[in-house]
Number of protein chains: 2
Amino acid sequence: MESPSAFSSGVRRSHQPDTEGAITIAESVFRQIRQAIVEGSIPTGSKISEPELAKTYGVSRGPLREAIGRLEACSLVVRKPNVGARVMTMSNEQLLDIYYVREALEGMAARLAATQMSDTEIDKLRELLSMHGSEIEQEHGQAYFQKEGDLDFHYRIIKGSKNERLINLLCNDLYYQMRLYRYQFGMRSRRVPRAYNEHEYIVDAIANRDGEMAELLMRSHIRSSRKNIEQMLKEKALATGSNAS
Amino acid sequence: MESPSAFSSGVRRSHQPDTEGAITIAESVFRQIRQAIVEGSIPTGSKISEPELAKTYGVSRGPLREAIGRLEACSLVVRKPNVGARVMTMSNEQLLDIYYVREALEGMAARLAATQMSDTEIDKLRELLSMHGSEIEQEHGQAYFQKEGDLDFHYRIIKGSKNERLINLLCNDLYYQMRLYRYQFGMRSRRVPRAYNEHEYIVDAIANRDGEMAELLMRSHIRSSRKNIEQMLKEKALATGSNAS
DNA sequence: GTTTCTTATATTGTCGACAATATATACTAA
DNA sequence: TTAGTATATATTGTCGACAATATAAGAAAC
């Protein structure tokens with residue numbers, strides 16, 4: 001509804017194809033719903049009613065279904081034939097599964113980034129990191145993670161790998177799921193300062209063009225994050241008394 | 001066309017939902033096209049004409065488009081808005097990209113399999129492996145590679161990780177692309193015997209419940225495979241005289 | 001002869017309607 | 001009252017038709 005692309009308005013003047021842009025309704029609705037999901041506007045586990053959402057976004061069921069298909073492709077919704085789609089609810093096991101995948105993929109990304117990133121890219125990464133550092137001092141660390149600054153850092157390294165497949169897997173699929181989880185569980189990390197230091201070490205390794213070390217550090221970084229979450233889940237299970245298998 | 005699920009035929013007798021099966025036309029046609037692509041029946045790079053394929057499979061364009069969407073999700077086709085879809089053509093770079101991703105993911109899979117696979121699963125894996133061994137002796141390894149027996153082994157270990165996300169990524173996406181590539185380039189591996197031995201070492205590590213070692217060996221295995229391919233690509237480039245960047 | 005613009009054709013994207021399936025409601029029987 | 005069954009309703013899956021865009025064919029200008 002908002003943001004009508006500058007070219008789509010008005011009449012096409014020539015017969016040259018829209019070499020770029022060319023946003024389709026299905027794609028637009030897909031992005032909107034995805035945003036709504038990771039923000040929590042559409043609650044976890046809730047049913048996706050096609051007629052309802054179609055009316056909400058003012059489109060027909062056709063493109064809407066295509067949008068749902070894409071959401072399913074990145075695991076943000078699960079769909080049962082003839083029944084419908086629900087927003088994914090992430091079990092503890094699924095969350096940990098994702099961390100193992102991240103450990104493997106981002107470790108590789110760091111290794112590749114150490115050889116693929118340009119010097120200027122590394123400089124900019126350092127800049128970003130020091131910016132985060134000052135934010136942490138100011139706001140006692142909460143802002144850093146809350147505002148998804150942590151993700152920025154990881155994104156940069158992933159992109160730095162210059163491996164298209166790796167980038168797609170992590171940035172288009174896993175990281176949206178991470179954000180969804182973050183909403184679902186609403187956890188605050190207690191290890192912000194330590195995580196920040198780990199980030200610094202990783203950048204150092206990349207700057208030294210030491211791929212082996214960069215991978216080790218990145219894997220250790222993500223592994224620590226996973227163990228932290230495992231710990232929190234354990235405490236949570238004790239607190240509620242409910243036994244999570 | 002074949003394999004009509006046992007329940008879908010006949011009249012529904014009760015109002016219980018089809019808790020299982022429930023195959024939709026879109027899903028069916030998706031699988032058929034996917035098979036056709038990895039077999040090479042639909043050539044690499046060829047355009048996917050919606051009206052044409054709809055007639056071929058005897059369905060409307062609706063479910064066909066959904067099928068194409070799923071093919072796009074696993075990168076078997078690339079789609080440009082308002083233009084259409086083409087079967088993916090894998091560049092050398094893309095192929096190598098995939099190998100890096102495989103190295104990371106399957107390495108992790110082997111690590112997890114070492115702790116997650118049951119003893120009987122490991123026994124069955126050994127069985128499969130020795131079967132492959134005898135096949136290789138008989139037919140000098142070509143059949144082994146051609147019949148994709150190699151993939152069986154990797155599948156087992158991936159499944160053995162018991163990590164749903166890992167399994168999905170590898171088995172539903174990357175491996176179909178690998179098969180497509182195998183058709184596109186029609187390469188024969190020269191390192192079947194060596195690969196077989198590497199497989200044995202990997203199983204040993206898993207049987208010893210040594211995840212660290214299993215990961216190292218699996219990564220080395222895939223890395224060797226990649227380097228072999230890099231070598232072949234280099235030779236190919238020299239032979240044709242065309243310079244691949 | 002080449003290039004540019006115009007027209008025509010084909011394909012993709014979108015829509016509304018119908019069919020098939022699942023879920024909810026009402027009813028009957030024990 | 002409860003279990004089971006039959007009806008009614010709602011939702012999903014599929015279809016054919018229309019609109020928008022891109023590609024191909026043809027005409028005009030240089």
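Every chain is numbered from 1 and lettered A, B, ... according to where its sequence line falls, protein lines coming before strand lines.
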| query | From the list D/dT12, D/dC15, C/dT14, which nucleotide is the closest neighbour of the side chain of A/P51? | reply | D/dT12
| query | With a 4.0 Å cut-off on heavy atoms, is A/L64 in touch with a base, just the backbone sugar-phosphate, or nothing at all? | reply | nothing
| said: Students often get this wrong, so: under 4.0 angstrom with heavy atoms, is A/G62 touching a base, only sugar-phosphate, or nothing? | reply: nothing
| Distance check: side-chain N/O of B/K47 vs OP1/OP2 of C/dT12, anything under 4.0 Å? | yes
| message | Between C1' on D/dT12 and CG on A/L53, what's the gap in Å once rounded to a whole number? | response | 14 Å
| remark: Sorted by number, residues from residues 68-77 of chain A placing a heavy atom under 4.0 Å from DNA chain D are none
| remark: dist B/R61:CZ -> B/I68:CD1 (nearest 0.5 Å) comes out at 9.0 Å
| said: In this structure, how many angstroms lie between the P atom of C/dC15 and the CZ atom of B/R65, rounded? | reply: 12 Å
| Which nucleotide, D/dA22, C/dC15, C/dA22, lies nearest any side-chain atom of A/V59? | C/dC15
| query | Between atom CD in A/E27 and atom P in C/dT14, what is the gap in whole Å? | reply | 10 Å
| query | What nucleotide, of C/dT14, D/dG13, D/dT11, holds the atom closest to the side chain of A/T24? | reply | C/dT14
| query | Among C/dG16, D/dG13, D/dG16, which nucleotide sits nearest the side chain of B/S60? | reply | D/dG16
| With no hydrogens and no angle check, do the side chains of B/E52 and B/T56 hold a donor and an acceptor under 3.5 Å apart? | no
Under 3.5 Å, which N/O atoms of the protein pair with N/O atoms of nucleotides 17-20 of chain D?
none

| Between C/dT12 atom P and B/E66 atom CD, what is the distance in whole Å? | 17 Å
| query | How about A/R223 and A/Y99: does a side-chain donor come under 3.5 Å of a side-chain acceptor? | reply | no
| request: Ignoring hydrogens and angles, state whether a donor on the side chain of A/Y175 or A/R102 is under 3.5 Å from an acceptor on the partner side chain. | output: yes
| Would the number of heavy atoms belonging to other residues, nucleotides or ligands and lying under 6.0 Å from NZ of A/K124 be above 12? | no
| said: Closer than 3.5 angstrom, by distance alone: can the side chain of A/R86 be matched with the main-chain N or O of A/G45 as a donor-acceptor pair? | reply: yes
